[in-house]
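Down below is the structure, laid out as structure tokens.
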Protein chains: 2
Amino acid sequence: MKAETIQRSLEDSGLRCTAQRYAVMAFLMEHKGHPTAAEIFEGVNRLDPRSSRATTYNNLRDLVKAGLVSEVAVEGRAGRFDAKGTRHHHFICDRCGSVEDMDWYNVPKPASRSLGKRVVRECQLIFRGLCTKCAARRASR
Amino acid sequence: MKAETIQRSLEDSGLRCTAQRYAVMAFLMEHKGHPTAAEIFEGVNRLDPRSSRATTYNNLRDLVKAGLVSEVAVEGRAGRFDAKGTRHHHFICDRCGSVEDMDWYNVPKPASRSLGKRVVRECQLIFRGLCTKCAARRASR
DNA sequence: ATATTAGATTAGATATATTCTAATTATTCG
DNA sequence: CGAATAATTAGAATATATCTAATCTAATAT
Ligand SMILES: [Mn+2]
Ligand SMILES: [Mn+2]
Ligand SMILES: [Zn+2]
Ligand SMILES: [Zn+2]
């Protein structure tokens, strides 16, 4: 049951499972397109408007801090968010800017000479190019 | 001679080599720390204030479009820029947010099944963790 | 059960980053 | 030169995110 899964993961992270916080988490799990804070705010309030902008931002911050959500590194102004599920990489379309998940695969670590005394926590791969839709569009012209 | 190199690369891209545009390019080539637009604006105007904020942004946009500069994908509000030199990856520090270059190495392409009809133009690797300075700081406590 | 406390939410104000507008200046080309 | 095009500018406008201080809610203590 998804509801209980969300509730438990929130509480395991020391966060109360409030209606607003739950809604952000549920929205992210249902929408895999890496929505912005504004889209999440709008989506959460579409049915039953009951979360303020500040709360949406607060909860996103808390969820990221708790490790349940990640902010995707994209150039461009608005942050984009992602419920942390299975590991994956990302593909960003040059034309339409959409951010899509790509199957995860292991990436070789950098040479320790190049790494120096840095400590690597994670490593993410971002592909750029044309998404399926935009590639088709371009081909048909 | 660097000046001529910059001039030529601008003109080859169909951009006039104006004082302001040149200054943005030169600043980026001298400062490898991936400065923000605000830092570039400030840096360019430190000696002889003669570039407006709008022009700094306009030129950054034009240089990115021409492929001479790239915007680094970082989460966080301000865009960070990079003169495109030799290929490299990036390391972003969890603690201080600094963005450092890492030696480039080839990354295996995704399985074509996973790629679908997408067209990959490039692939960049972002490492996260603690930079040399922050790792030392943490160790000494 | 009531009081106390810490956690969460809210509207609106504020801050920050970027883009737009319309006027001006500089450069190119016929 | 004169027209056309490109670039720059100050400041206004927009977009995104955070802060503030008041209020509300839930958890715990008495
Ligand atoms: Mn994702
Ligand atoms: Mn770089
Ligand atoms: Zn696309
Ligand atoms: Zn650091």
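Computed from a prediction, not measured in an experiment: that's the story for all the values here. Numbered from 1 within each chain, the chains take letters A, B, ... in sequence-line order.
In this model, the phosphate group of dT9(D) is approached by a side-chain N or O of S51(B) to a distance below 4.0 Å at OP1 or OP2. Phosphate contact (OP1/OP2 of dG7(C), side-chain N/O of T18(A), threshold under 4.0 Å): absent. For T55(A), no side-chain nitrogen or oxygen approaches OP1 or OP2 of dA8(C) to under 4.0 Å. OP1 and OP2 of dT16(D) both lie 4.0 Å or more from every side-chain N or O belonging to R77(A). Note on N59(A): a side-chain N or O is less than 4.0 Å away from OP1 or OP2 of dT9(C). In this structure, Y57(A) does not reach the dT18(D) phosphate: none of its side-chain N or O atoms is under 4.0 Å from OP1 or OP2.
The minimum heavy-atom distance linking K2(A) with M29(A) is given by the pair CG-CE, 4.4 Å.
For the pair K84(A) and E71(A), the salt-bridge criterion is not met [side-chain N within less than 4.0 Å of a carboxylate O]. Using a 4.0 Å cut-off between a side-chain N of Lys or Arg and a carboxylate O of Asp or Glu, K32(A) and D101(A) do not qualify as a salt bridge. Residues E42(B) and R46(B) are paired through a salt bridge, judged by an N-O separation under 4.0 Å between the basic side chain and the carboxylate.
Rounded to whole Å, atom C1' of dA15(D) lies 14 Å from atom CD of E39(A). For the pair F41(A) CZ and dG12(C) P, the computed distance is 12 Å after rounding to whole Å. Atom-to-atom, CD of E42(B) to P of dT16(C) comes out at 14 Å; the value is rounded to the nearest Å. Distance CG (N58(A)) to P (dC19(D)): 9 Å, rounded to an integer number of Å. Between R50(A) atom CZ and dA8(C) atom P the separation is 18 Å, expressed in whole Å. Counting to the nearest Å, the P atom of dG7(C) and the CG atom of L10(A) are 16 Å from each other. Atom pair Q20(A):CD and dT23(D):C1' shows a separation of 14 Å (rounding to whole Å applied). For the pair I40(A) CD1 and dT16(D) P, the computed distance is 13 Å after rounding to whole Å.
Under the 6.0 Å distance and 45° angle rule, R118(B) counts as a cation-pi partner of F91(A).
Between T36(B) and R16(B), the residue whose closest nucleotide on DNA chain C is further toward the 5' end is T36(B). Heavy-atom nearest nucleotides on DNA chain D were determined for R80(A) and for G14(B), and the one closer to the 5' end corresponds to G14(B).
Using a 4.0 Å heavy-atom cutoff across all strands shown, A54(A) reaches at least one base atom of the nucleic acid. Residue contacts for R53(A): at a heavy-atom cut-off of 4.0 Å it reaches no nucleic acid atom on any strand shown. Heavy atoms of R61(B) sit nowhere under 4.0 angstrom from any nucleic acid atom.
Side-chain heavy atoms closer than 4.5 Å link hydrophobic residues (I, L, V, M, F, W, Y) into clusters, and following such links, even through other members, never connects F41(A) to L28(A).
Heavy atoms from other residues, nucleotides or ligands lying under 6.0 Å from CZ of R113(B) number 12 at most. For R128(B), the CZ atom sits in a packed shell: over 12 heavy atoms of surrounding residues, nucleotides or ligands are nearer than 6.0 Å.
Listed nucleotides dA17(D), dT8(D), dT10(C) differ in distance to A78(A); the shortest reach to its side chain belongs to dA17(D).
In the helix from dA1(C)-dT30(D) to dG30(C)-dC1(D), the end axes, each obtained as the rotation axis mapping the C1' atoms of four pairs onto the next four within a five-pair block, lie 20° apart to the nearest 10 degrees.
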